[in-house]
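As structure tokens, the structure follows; a few thoughts come after it.
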Amino acid sequence: MDDTPRDMAPEAAPRTETPHDEATIRARVWRGDRRGRFVTYEVPHRENQTVLDVVSEIQRYHEPALAYRFACRVGVCGSCAMTVNGRPRWTCRTHVKRVVENGEITIEPLRNMPPIKDLACDMSAFFDKWHRAGGRFEGTATRHDPPIPVDPASKTRRHADAGIECINCGVCYAACDVVSWTDDYVGPAALNRAWTLVNDERHADRRGTLDKATAQGGCSSCHAQGNCTTHCPIGISPTRSIAGLKRMSLLDLLNRRAP
């Protein structure tokens, strides 16, 4: 999968030498915005080292101004997602020994989102599309009402549960070729969210969410290539969710036209 084209400049040498006298790896890291360049750094190669460890090592010992995102470091928040050797990943759960090639790794910001600086990208469009697809939950009860019982074994609940663990890390969006081709496509994360809501009996606007998810740029734009499912770090299948929306929209159309 090719990355979004960027204007490349010759690689620059690292600012400082690594302070460790041990085996090293070369990390090619994207620096700057869309018109930036790759800079190569040498960092120690340690046992059980993650790609996020490499980025942190560079920021600590080589380039204090390096911009990147992370929070939990244990595969919970998803904020450390980056492109590693051309593939979107959570860097905190990607061990260097799994991805290093000939002593080198290449680290870039996520694809399909404009780089702000270095490895941090602008996710505004990602979240705007999430809302455009009807991703906001609207309850049918207030805090003063008793909890609404939900049968965990019901078909709709099982459909909702299959995609409910999405944390909007953006990996599926970065992996999606249709997002690259079609500016108005809302993307797999937004449609996966819509699928959980149209199957949630507590959601007050299931009809509205379905209409938004099936509008222009919605589920009909998906080519069902499955990149989103292949790359999801926690095993969610937006492809299956989008297929469910397509099926639901077809049945809804047939029901509307029935005499």
Side-chain angles (χ1 to χ4, degrees), residues 71-72 74-79 81 88-90 92-93 126-127 129-176 178-179 185-215 217-259:
C72 72
V74 291
V76 174
C77 71
S79 61
R89 302 171 178 269
W90 287 358
C92 72
R93 286 176 52 174
F126 171 82
F127 289 111
K129 291 177 178 180
W130 192 87
H131 288 292
R132 202 178 94 207
R136 187 183 298 276
F137 175 81
E138 296 183 18
T140 56
T142 71
R143 68 180 62 190
H144 305 294
D145 297 320
I148 299 175
V150 176
D151 181 4
S154 69
K155 184 177 181 180
T156 53
R157 189 67 245 170
R158 285 187 282 110
H159 283 326
D161 286 346
I164 203 69
E165 298 298 329
C166 174
I167 58 175
N168 292 318
C169 67
V171 165
C172 64
Y173 188 89
C176 180
V178 182
V179 172
Y185 179 47
V186 295
L191 293 172
N192 178 75
R193 170 63 173 177
W195 176 243
T196 67
L197 290 181
V198 297
N199 284 287
D200 191 337
E201 58 196 77
R202 303 166 302 165
H203 181 42
D205 192 23
R206 295 164 77 180
R207 168 84 264 163
T209 297
L210 181 61
D211 288 343
K212 291 175 181 177
T214 56
C219 62
S220 61
S221 296
C222 173
H223 290 201
Q225 293 173 307
N227 285 340
C228 52
T229 297
T230 299
H231 292 83
C232 178
I234 56 176
I236 292 175
S237 177
T239 307
R240 184 182 297 114
S241 299
I242 295 169
L245 287 170
K246 291 179 178 179
R247 183 172 58 252
M248 184 179 287
S249 66
L250 177 59
L251 293 174
D252 181 67
L253 176 63
L254 294 176
N255 289 333
R256 288 186 181 186
R257 293 186 175 182

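When a residue number appears, it is its place in the shown sequence, counting from 1. Atom set for the values below is all heavy atoms of this structure, side chains included, hydrogens, waters and symmetry mates excluded.
A donor-acceptor pair is defined here as one N or O able to donate and one able to accept, closer than 3.5 Å; no such pair exists between the side chain of Thr209 and the backbone of Val198. Counting only distance, with no hydrogens or angles, the side chain of Arg202 and the backbone of Ile148 share no donor-acceptor pair below 3.5 Å. Checking side-chain atoms of Asp145 against main-chain N and O of Thr142 turns up a donor-acceptor pair under 3.5 Å.
When all heavy atoms are compared, the tightest approach of Ser221 to Gly217 is OG-CA, 3.7 Å. What you find for Cys77 and Ala71 is that their closest heavy atoms are SG-CB, 3.6 Å. In this structure, Leu245 and Ala213 approach most closely via the heavy-atom pair CD1-CB, 4.1 Å. Closest approach of Pro238 and Ile236 over heavy atoms only: CD-O, 3.2 Å. Of all heavy-atom pairs between Gly163 and Thr196, the closest is C-CG2, 3.7 Å.
A side-chain N or O of Tyr173 and one of Lys129 form a donor-acceptor pair less than 3.5 Å apart. Between the side chains of Ser241 and Asn192, a donor-acceptor pair is found at a separation under 3.5 Å. Side-chain contact of Thr214 with Ser249: a donor-acceptor pair under 3.5 Å is absent, judged by distance alone.
We find the SG-NE2 distance between Cys169 and His231 to be 12.0 Å, quoted to the nearest 0.5 Å. The distance from atom SG of Cys219 to atom OH of Tyr185, rounded to the nearest 0.5 Å, is 8.5 Å. To the nearest 0.5 Å, atom NE2 of residue His131 and atom CZ of residue Arg136 are 5.0 Å apart. Distance check: Ser154 OG to Asn199 CG gives 9.0 Å after rounding to the nearest 0.5 Å.
Leu197 places none of its side-chain heavy atoms less than 4.5 Å from the side chain of Arg206. A 4.5 Å side-chain heavy-atom check between Trp195 and Met248 finds at least one atom pair inside the cut-off. A heavy-atom distance below 4.5 Å is found between the side chains of Phe137 and Arg193. Inter-residue side-chain proximity for Leu251 and Lys246 is flagged as unmet; no heavy-atom pair is nearer than 4.5 Å. Between His203 and Glu138, some side-chain heavy-atom pair lies under the 4.5 Å cut-off. Side-chain atoms of Pro188 and Cys176, non-hydrogen and from C-beta on, do get closer than 4.5 Å to each other. Put simply, the side chain of Asn168 reaches to within 4.5 Å of the side chain of Phe126, judged on heavy atoms. With a 4.5 Å cut-off on side-chain heavy atoms, Pro233 and Val171 count as touching.
Thr239 pairs in a side chain to side chain donor-acceptor pair (under 3.5 Å) with only one of the listed residues (Asn227, Thr230, Thr229), which is Thr229.
In the displayed structure, Arg207 atom CZ is contacted under 6.0 Å by more than 12 heavy atoms of other residues, nucleotides or ligands. The environment of Arg157 atom CZ is dense: over 12 non-hydrogen atoms of other residues, nucleotides or ligands sit within 6.0 angstrom.
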Could you go through the side chain to side chain contact (heavy atoms under 4.5 Å, CB included) check for Asp200 and Thr156 one step at a time?
CA-CA 7 Å; Asp200 191 337; Thr156 53; over 6 Å; no

Test side chain to side chain contact (heavy atoms under 4.5 Å, CB included) on Leu191 and Trp130; report intermediate values, then the result.
CA-CA 8 Å; Leu191 293 172; Trp130 192 87; over 6 Å; no

